[in-house]
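Note on naming: letters A, B, ... go to the chains in the order of the sequence lines (proteins, then strands), and numbering restarts at 1 for each one. Being a predicted model, the structure only gives us computed values, none of them experimental. When reading the values below, keep in mind they use all heavy atoms of this one structure, side chains included, and skip hydrogens, waters and symmetry mates.
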Amino acid sequence: QVQLVESGGGVVQIGGSLRLSCVASGFTFSDHGMHWVRQAPGKGLEWVAFVRYDEQKSYADSVKGRSTISRDNSKNTLYLQVNSLRPEDTALYSCARDAFNYAFDIWGQGTLVTVSS
Amino acid sequence: QSALTQPPSASGSPGQSVTISCTGTSGDIGGYNYVSWYQQHPGKAPKLMIYEVSKRPWGVPDRFSGSKSGNTASLTVSGLQAEDEADYYCSAYAGNNCWMFGGGTKVTVL
C-alpha cells in the first residue's frame with residue numbers, strides 16, 4: 001500500500017545536526033513533489049520544505065539557510081538535513097506527498113527530534 | 001511567512017453543523033484556489049479532507065465541505081458525529097513553491 005516511513009530523529013544538542021529520511025513505497029516516487037512538515041509538541045503543523053519532482057527546492061523562513069531537502073529517486077527516499085539546531089526545532093518531523101493539487105495527500109507517522117542542552 | 005488564522009476551538013452537538021474559518025492574505029488564500037483542510041486525531045497523522053478549496057478526496061464523507069471568499073476559507077462539517085471530534089488545520093499555497101498552515105482548530109462534539 002502507499003506508505004511513507006520516516007527515521008533519523010533523536011536527541012541532539014543545541015547547535016548540532018541531524019539527517020532525517022523518509023522511505024516511500026506503493027507509488028511512483030519520482031513523479032511526486034515531497035514535503036517535510038513539523039509539529040512541535042502540543043502545537044500546530046508547520047510547513048518546512050518542499051522538493052519538486054525536478055528537484056526544485058523551497059524552504060520555510062524558519063529553516064532557510066540551515067536546512068537542505070534532497071531526494072534519491074533510485075532509493076525512493078526523501079531527506080532533510082538540519083544544521084545549527086535550536087530548541088525551537090524540537091518537533092515531530094513528517095514527510096508528506098504532494099498530490100499534484102497543492103495538497104498533502106499521504107503522510108508518514110513522523111520522527112521525533114528533540115533539541116536539548 | 002505568518003501562519004494562517006484559525007479559531008482555537010469550535011463545538012457542536014451531534015447532528016448539528018460547525019464551520020471553521022481560516023484567514024490569510026491576498027498572497028496566499030486570496031491569490032490561489034489551493035486551500036486544503038486536514039483532520040488530525042490525537043497521536044495520528046493528518047488526513048486530507050478538502051483540496052482546491054472545495055473538492056473532497058475519494059472516501060471523505062460529503063458532510064465535509066469547503067468554500068472561500070476573498071482571503072478567508074471555511075470548512076463546514078454538517079451532521080456532526082462523535083468521530084469528527086479532532087483538530088482541523090487549513091493550508092494554503094503561498095506562491096514560489098511555499099505553503100502555510102493555520103494554527104489549528106479543536107472541534108468538540110458536545
Trainee: So which heavy atom on A:Leu112 is nearest to which on A:Ala91, and how close?
Mentor: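 Looking at all heavy atoms of both residues, the shortest contact is CD1-O, 3.5 Å.
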Trainee: Specify which of B:Gly103, B:Pro42, B:Pro46, B:Gly43 makes the most heavy-atom pairs with chain A at under 4.5 Å.
Mentor: B:Pro46
Trainee: Any chance the side chains of B:Thr19 and B:Thr76 put a donor and an acceptor closer than 3.5 Å?
Mentor: yes
Trainee: What part of B:Tyr38 lies closer than 4.5 angstrom to a heavy atom of chain A: side chain, backbone, both or neither?
Mentor: side chain
Trainee: Is it the side chain or the backbone of B:Pro57 that comes within 4.5 Å of chain A heavy atoms, both, or neither?
Mentor: neither
Trainee: Only one of B:Tyr51, B:Phe101, B:Tyr93 passes ring-ring contact (aromatic ring centres under 6.0 Å, His included) with A:Phe104; say which it is.
Mentor: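 One option only clears the test, and that one is B:Phe101.
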Trainee: Side chains of A:Leu18 and A:Leu85: does their closest heavy-atom pair fall under 4.5 Å?
Mentor: yes
Trainee: Is it the backbone or the side chain of B:Gln40 that comes under 4.5 Å from a heavy atom of chain A, or both, or neither?
Mentor: side chain
Trainee: What part of A:Phe50 gets within 4.5 angstrom of chain B, counting heavy atoms only: side chain, backbone, both, or neither?
Mentor: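 Contact with chain B is through the side chain of A:Phe50 alone.
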Trainee: Among B:Gly104, B:Ala45, B:Gly102, single out the residue with the greatest number of heavy-atom pairs under 4.5 Å to chain A.
Mentor: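 Between B:Gly104, B:Ala45, B:Gly102, the count favours B:Ala45.
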Trainee: Could you tell me which portion of A:Lys57 (side chain, backbone, both or neither) has an atom closer than 4.5 angstrom to a non-hydrogen atom of chain B?
Mentor: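 It is neither, since no heavy atom gets under 4.5 Å.
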Trainee: Do A:Arg19's NZ or CZ and the ring of A:Tyr79 fall within the cation-pi criteria of under 6.0 Å and 45°?
Mentor: yes
Trainee: Of all of B:Trp37, B:Tyr32, B:Tyr34, which one pairs up most often with chain A through heavy atoms under 4.5 Å apart?
Mentor: B:Tyr34
Trainee: Is it the side chain or the backbone of B:Asp87 that comes within 4.5 Å of chain A heavy atoms, both, or neither?
Mentor: neither
Trainee: For the residue pair A:Phe29 and A:Asp72, what are the closest heavy atoms and their distance?
Mentor: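 Heavy atoms of A:Phe29 and A:Asp72 come nearest at CE2-O, 4.1 Å.
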Trainee: Using a distance-only test with no angle check, is there a side-chain donor-acceptor pair under 3.5 angstrom linking A:Ser62 and A:Glu46?
Mentor: yes
